[in-house]
Amino acid sequence: MKLVVDLHVHTVLSGHAYSTAEETALAASGKGLEMIAFTEHGSAMAGAPLPIYFANMSVFPLSMSGVKILRGSEVNVVDHKGKLDLEDWILKRLDFVIAGLHDIVLPVGSVAANTNAMVGAMANPFVDAISHPGNPYFPIDIPEVVKAAKEYGKLLEINNNSVNVRPGSRENCVKIAELCAEAGIPVICGSDCHISFDVGNFNNALDMLEEARFPEKLVLNTSVEVLMERLNKIRKRERNFIDNK
């Protein structure tokens with residue numbers, strides 16, 4: 001399976017990453033990627049950009065080093081109702097929004113509380129996807145989260161880096177993929193890279209999808225056109241996407 005889009009990319013601006021946007025785009029080009037999404041952490045994360053950074057992302061070019069660019073954020077879920085750390089008027093301006101639970105921002109709750117936080121984030125009309133839902137630090141009701149993803153038409157990520165930094169992720173990610181496959185729900189893969197050398201690294205994610213026998217046709221990273229069609233459907237044309245054709 002060939003993946004041509006990386007939808008989870010951090011640069012030095014996230015505060016705990018190590019490469020610039022230019023360095024990362026150049027590395028992505030060298031690996032044959034067609035598109036990447038810059039998804040700096042939302043402002044509740046220590047060291048992350050201020051909200052004005054995300055509000056001003058229209059200055060980003062449509063492509064860098066021949067790679068198409070989505071201007072986005074990995075927003076933080078900040079309470080167990082699904083509240084996010086960037087306001088809707090900012091999220092509306094972004095090309096791609098992926099929401100995640102991070103234990104240095106949100107206290108770990110019960111399975112019910114964590115599930116509610118994730119589902120609440122999916123209910124936001126400007127959230128496109130959930131980052132690393134298989135994170136074992138935040139145990140969830142996986143069938144309930146998959147059900148909500150289908151109900152809200154949102155995407156769940158198979159996170160390549162979780163296997164490395166969140167021990168116990170693999171089993172959860174495979175289970176999520178299996179249930180999504182059964183329900184015919186597309187997924188996305190993200191490298192969650194924090195240094196340019198890791199952009200487009202999907203080795204772990206692809207292994208987990210293979211273990212889950214996940215159909216290639218439901219992996220949106222395989223096609224820029226299919227991905228953009230899905231993102232436009234999620235947003236219901238509530239704001240204009242950049243022309244990535």
Side chain of [X], backbone of [Y]: donor and acceptor closer than 3.5 Å?
X	Y	answer
N56	I52	no
D198	N201	no
N203	L206	no
S29	A25	no
S223	V226	yes
R71	A37	no
N232	M228	yes
D192	N161	no

State, with a plain yes or no, whether a side-chain heavy atom of [X] is found less than 4.5 Å away from one of [Y].
X	Y	value
F214	P186	no
M118	P133	yes
R166	P136	yes
V163	M208	yes
V187	L209	yes
L3	V219	yes
L62	K68	no
T24	F38	yes

* **Side-chain donor-acceptor contact under 3.5 Å, N124 with D88** =>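 Yes - a donor-acceptor pair under 3.5 Å links their side chains.
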* Asked: Would you say the side chains of N76 and H102 form a donor-acceptor pair under 3.5 Å?
  ->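 Side chains of N76 and H102: pair found under 3.5 Å.
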Working to the nearest 0.5 angstrom, can you tell me the gap between [X] [atom1] and [Y] [atom2]?
X	Y	atom1	atom2	answer
D128	L227	CG	CG	9.0 Å
S65	L33	OG	CG	12.0 Å
N135	N159	CG	CG	9.0 Å
I90	F54	CD1	CZ	8.5 Å
D95	L7	CG	CG	11.5 Å

Extract all donor-acceptor atom pairs below 3.5 Å that involve side chains of residues 170-182 and protein atoms in other chains or at least two apart in sequence.
unit_1 : atom_1 : unit_2 : atom_2 : d
R170   : NE     : E211   : OE1    : 3.2
R170   : NH2    : E211   : OE1    : 3.1
N172   : ND2    : G134   : O      : 3.1

* Asked: Under the 4.5 Å side-chain heavy-atom rule for ILVMFWY, direct or indirect, which residues accompany V165?
  ->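 Listed partners: none, V165 stands alone.
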Atom pairs and distances, donor-acceptor, side-chain atoms in residues 12-19, under 3.5 Å, two or more places apart:
unit_1 : atom_1 : unit_2 : atom_2 : d
S14    : OG     : H10    : ND1    : 3.1
S14    : OG     : E40    : OE1    : 2.6
S14    : OG     : H41    : N      : 3.2
H16    : ND1    : S14    : O      : 3.4
H16    : NE2    : H41    : NE2    : 3.4
H16    : NE2    : H194   : NE2    : 3.3
S19    : OG     : S196   : N      : 2.8
S19    : OG     : S196   : OG     : 3.4

* To do: Given side-chain contact (heavy atoms from CB on, under 4.5 Å), test V146 with I185 step by step and report yes or no.
  => CA-CA 8 Å; V146 171; I185 300 173; 3.6 Å; yes
Would [X] end up clustered with [Y] when hydrophobic side chains under 4.5 Å apart are linked, directly or stepwise?
X	Y	answer
L84	Y152	yes
V105	I98	no
V108	I140	yes
L26	L70	no
L218	I130	yes

* Asked: For residues 9-37, which residue pairs qualify under salt bridge (Lys or Arg N to Asp or Glu O under 4.0 Å), counting only residues two or more places apart or in two chains?
  ->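 Applying salt bridge (Lys or Arg N to Asp or Glu O under 4.0 Å) to every pair that reaches into residues 9-37, excluding sequence neighbours, yields nothing.
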* If you look only at pairs with a residue in residues 138-161, which of them pass as a salt bridge (Lys or Arg N to Asp or Glu O under 4.0 Å), with sequence neighbours excluded? ->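 Passing the test, one end in residues 138-161: no pairs.
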Minimum heavy-atom separation for [X] to [Y], with atom names?
X	Y	value
I69	S63	CG1-CA, 3.9 Å
F96	T39	CD2-CG2, 4.0 Å
G100	H132	CA-CE1, 4.4 Å
I188	L220	CG2-CB, 4.2 Å
F202	V5	CZ-O, 3.4 Å
S131	H8	CB-CE1, 3.8 Å

* Hey, mind stepping through N160 and C189 against side-chain contact (heavy atoms from CB on, under 4.5 Å) and telling me if it holds? -> CA-CA 7 Å; N160 191 80; C189 297; over 6 Å; no
* To do: With sequence neighbours left out, write down each residue that passes side-chain hydrogen bond (donor to acceptor under 3.5 Å, both in side chains) with S191, or none if nothing qualifies.
  =>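 By the side-chain hydrogen bond (donor to acceptor under 3.5 Å, both in side chains) rule, S191 matches D6.
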* **Crowding at CZ, F197 (>12 non-hydrogen neighbours, <6.0 Å)** =>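 Result for CZ/F197: open.
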* Would S73 and L94 count as a side-chain contact (heavy atoms from CB on, under 4.5 Å) if you check the C-alpha gap in whole Å, the side-chain angles of each, and the deciding distance to 0.1 Å? -> CA-CA 8 Å; S73 176; L94 301 178; 3.9 Å; yes
* Can K2 and V4 be said to form a side-chain contact (heavy atoms from CB on, under 4.5 Å), step by step? -> CA-CA 6 Å; K2 180 176 174 57; V4 298; 4.0 Å; yes
